[in-house]
Amino acid sequence: MPSNAEAAEIFRNIADLLDVLGEKFKPDAYRRASRSIETLTEDLGPIAARDELGTIPGVGDAIAEKIREYLRTGRIAYYDRLQKEVPPGLVEILRLPGLGPKTARRFWVELGIEGPAELADAVAAGRLDRVKGFGPRKIALIRDALRAAAAAPPGGARMPIETAYPVAERIAGALRARSRSDRVEIAGSFRRRRETVGDLDVLVTSDEPEAVFDTFSRLPEVKEVRLRGSTKETCILANGLQVDLRVVEPAAFGAALVYFTGSKDHNVHLRTIARDRGLKVNEYGVFRGEERIAGSTEADVYAALELAYIAPELRENRGEIEAAARGPLPALVDAAEIVGDLHVHLPPSAGPSDVDRIVGEARRRRLTYVGVVIGGPGADGTPWSLPPATVARLIAADDPALRVRRAIEIGPSATPRRLPADGAEFAIGRPTAGSDPADLAAPDGVPVRLIAHVAGAADERAPRGWIERAHALGAAVEVGPGAERLDSTWARHARESGTRLSVATGLGGPPDDPTFPIALGFARRAGALRPDVDNAGGGSTPVVRRPSGRRRS
DNA sequence: GCCGTTTTCGGCCCGACTGTTTTCAGTCG
């Protein structure tokens, strides 16, 4: 089954192989095409069917033809040929930290080394000592890299943003509290809210870089300092994540934030625009000749390039720059606009005090309504419901400032029968393994307000049917923080089909629960505006479309 | 291999850091 991810990987591998062969510009061209394909919102198949492969940034005639070949046959002959030409071990050498194409090629051509094992033998035998350009430090670095690669599984794995978020926030918080730094911001794909992050780019303004580096290096999360200069430090965390910390002056903070937030292709496009306007842009600012004309804020940088501000979540070079050149972009849904959450869970054993905790937190967050799930099929499929005393406390908590509503969860194959459906005011559809969206229906008189998917549901990778069902029921689709359960894909499909989203708030979770910022970011990446979001305020969103004849509180 | 309100040919982002150097090459992001 051809996939965008696999095609992107093939083109990335082609770039590596061309690197080793000493090609100059082709590797970058293939990498650019690979990154474009990776961030596509649509499968390659339909794009090819419409004959629109050429509209993908970085894809020209030659790569379009290779994509068609891949879609047709599942293979690319050019790739197969390159793999025969270059020993596979050389690509492994290329992927060792600190070793690049030039070095790998020299090993191959000058020493006949074709893989990591032969390289290790050469190091051990001292064959590298006599080679020009290899001093003792370099050789030690190679030895370490080989040892690390042998000990660790093949690295480079990206981490789900949900996993990286708490540690990223802890680091940022520690830097804010313990150093004399004025501004601390985590940039990179983390700030763009990609589903996964490869590393963390932390940006700090301070007039004492050394003190910032000292604080950072001593954090308990930091396992190893890999390099340290006057403006930059690179560390490895205990969980394996790499963190690049940079200290910049306040006058350059906006420019640095743009630069290190990326994406790379967004930046390259910005520089092209700058050049067209007779300007230069780098991480220090926008320059006309020697004069810096912008740099302290991101808005200044975009304005100097005659562009409207572009939200980080949109910076993927998918047309956002062209749109910003035409005028202001529509405002994406904002954290302050989220006014409620209809899908708050309490465990079946929860008591009245748990209700108070949830309600208190909802008030602190200035929400105007919450829906609490009082029953549904449990993880094992058997029905459960909250104890009557807890439900009574829920009803009592309802007041004009915070409307509290009761929900039940339903699934097509496991519609609960022994639930207090009597007290439920709306239902939340929950896809279950192997179930058919068409079968999803709530008990009589109970409106379905939301369809929320959970990890492990069989159809979560093919959400279209569920989103269509939500659309037909007039329900919203919940967006959560799960990279692996493809929440951001759900958000994109829902948005493209005009189905409303609901942003999960993580209400009731632990203090460092990343649910809300990530779910919100996924919605924003999908281009969601306030009217697209069911739980974003604006006055037009009734909490529940209530069946007629019901009590009103 | 891609791309074009300077171009269909001749460019291709740009700066920090490291190691090995007597002024620079390679790697990384």
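Computed from a predicted structure; not experimentally measured. Side chains included, hydrogens not; waters and symmetry mates left out as well; all remaining heavy atoms used. Proteins come first, then strands; the chains are lettered A, B, ... in the order of their sequence lines, and each starts at number 1.
- Between A/Gly198 and A/Leu241, the closest heavy-atom pair is O-CD1, 3.9 Å.
- Here, B/dG1 and B/dT5 have their P atoms 23 Å apart, quoted to the whole Å.
- The phosphate of B/dG15 (OP1 or OP2) has a side-chain N or O of A/Asn282 nearer than 4.0 angstrom.
- When heavy atoms are screened at a 4.0 angstrom cut-off, A/Leu141 is found touching no nucleic acid atom at all.
- Between A/Arg525 and A/Glu313, no side-chain nitrogen of the basic residue sits less than 4.0 Å from a carboxylate oxygen of the acidic one, so the salt-bridge criterion is not met.
- To the nearest whole angstrom, the two P atoms, one in B/dG10 and one in B/dG15, are 26 Å apart.
- Rounded to an integer number of Å, the gap from A/Arg32 CZ to B/dC2 P is 10 Å.
- In this structure, B/dT8 forms no base pair with any nucleotide, since neither Watson-Crick nor G-U wobble geometry is met with both distances under 3.5 Å.
- Place A/Phe134 and A/Val281 on DNA chain B by their nearest nucleotides, and A/Val281 ends up nearer the 5' end.
- For the pair A/Phe287 CZ and B/dG15 P, the interatomic distance rounds to 9 Å; values are reported in whole Å.
- With A/Asp19 as the fixed residue, the salt bridge (charged side-chain N to carboxylate O under 4.0 Å, His left out) test singles out one of A/Arg31, A/Lys102, A/Arg95: A/Arg31.
- Residue A/Asp144 contributes atom CG, which lies 15 Å from atom C1' of B/dG19 at whole-angstrom precision.
- Relative to the side chain of A/Arg246, the nucleotides B/dG29, B/dT27, B/dC2 differ in distance, and B/dG29 lies closest.
- Closest to the side chain of A/Ala29, out of B/dG29, B/dC2, B/dT20, is B/dC2.
- Protein atom CG of A/Asp265 is 12 Å distant from nucleotide atom C1' of B/dC13, rounded to whole Å.
- The ring of A/Tyr165 has its center closer than 6.0 angstrom to the ring center of A/Phe190.
- Among B/dA16, B/dC17, B/dC13, the nucleotide with an atom closest to any side-chain atom of A/Tyr284 is B/dA16.
- Atoms CG (A/Asp61) and P (B/dC2) sit 7 Å apart, rounded to a whole Å.
- The pair A/Glu233-A/Arg246 does not meet the salt-bridge criterion, since no charged nitrogen lies less than 4.0 angstrom from a carboxylate oxygen.
- Phosphate proximity of B/dC3 to A/Thr272: absent, as no side-chain N or O sits under 4.0 Å from OP1 or OP2.
- Regarding contacts with the backbone of B/dC13, every side-chain N or O of A/Arg271 stays at 4.0 angstrom or more from both OP1 and OP2.
- For A/Ser230, no side-chain nitrogen or oxygen approaches OP1 or OP2 of B/dA16 to under 4.0 Å.
- Here A/Pro27 lies out of heavy-atom contact (under 4.0 Å) with every strand.
- Judged by centroid separation below 5.5 Å and plane tilt below 30°, A/Phe25 does not stack onto the base of B/dC2.
- Comparing the C1' positions of B/dC2 and B/dC13 gives a spacing of 15 Å, expressed to the nearest Å.
- Out of B/dG29, B/dC2, B/dA16, the shortest distance to the side chain of A/Thr231 is found at B/dA16.
- Glycosidic conformation, B/dT21: anti, with the torsion outside 90° of 0.
- Here the P atom of nucleotide B/dC13 and the CD atom of A/Glu283 are 14 Å apart, to the nearest Å.
- In this structure, A/Leu94 reaches neither bases nor backbone, as no heavy-atom distance under 4.0 Å exists between it and the strands shown.
- Using a 4.0 Å heavy-atom distance criterion, A/Glu23 is classed as making no nucleic acid contact.
- OP1 and OP2 of B/dC13 both lie 4.0 Å or more from every side-chain N or O belonging to A/Lys280.
- Remark: the separation of the C1' atoms in B/dA25 and B/dT20 is 9 Å, to the nearest Å.
- Across all strands, A/Lys232 comes closer than 4.0 Å only to sugar-phosphate atoms, never to a base (heavy-atom distances).
- Using P as the reference atom, B/dT21 and B/dG26 are 13 Å apart when rounded to the nearest Å.
- Across all strands, A/Gln242 comes closer than 4.0 Å only to sugar-phosphate atoms, never to a base (heavy-atom distances).
- Nucleotides of DNA chain B nearest to A/Gly58 and A/Arg228 differ in position, and the one nearer the 5' end is that of A/Gly58.
- Atoms CZ (A/Arg31) and P (B/dC28) sit 10 Å apart, rounded to a whole Å.
- Across all strands shown, A/Thr103 has heavy atoms under 4.0 Å from sugar-phosphate atoms exclusively, and none from any base.
- Applying the 3.5 Å distance criterion, the base of B/dG29 shares a donor-acceptor pair with the side chain of A/Tyr259.
- Computed from coordinates, the A/Arg277 CZ to B/dG4 P distance equals 15 Å when rounded to whole Å.
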Stepwise side-chain hydrogen bond (donor to acceptor under 3.5 Å, both in side chains) check, A/Glu6 with A/Tyr70: CA-CA 10 Å; A/Glu6 194 188 59; A/Tyr70 168 70; 2.5 Å; yes

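- Considering every non-hydrogen atom in both A/Arg35 and A/Asp265, the closest pair reads NH2-OD1, 2.8 Å.
- A salt bridge links A/Arg228 to A/Asp214: at least one charged side-chain nitrogen sits closer than 4.0 Å to a carboxylate oxygen.
- Among the protein residues, A/Asp28 comes within range of no part of the nucleic acid, since none of its heavy atoms lies under 4.0 Å from any strand.
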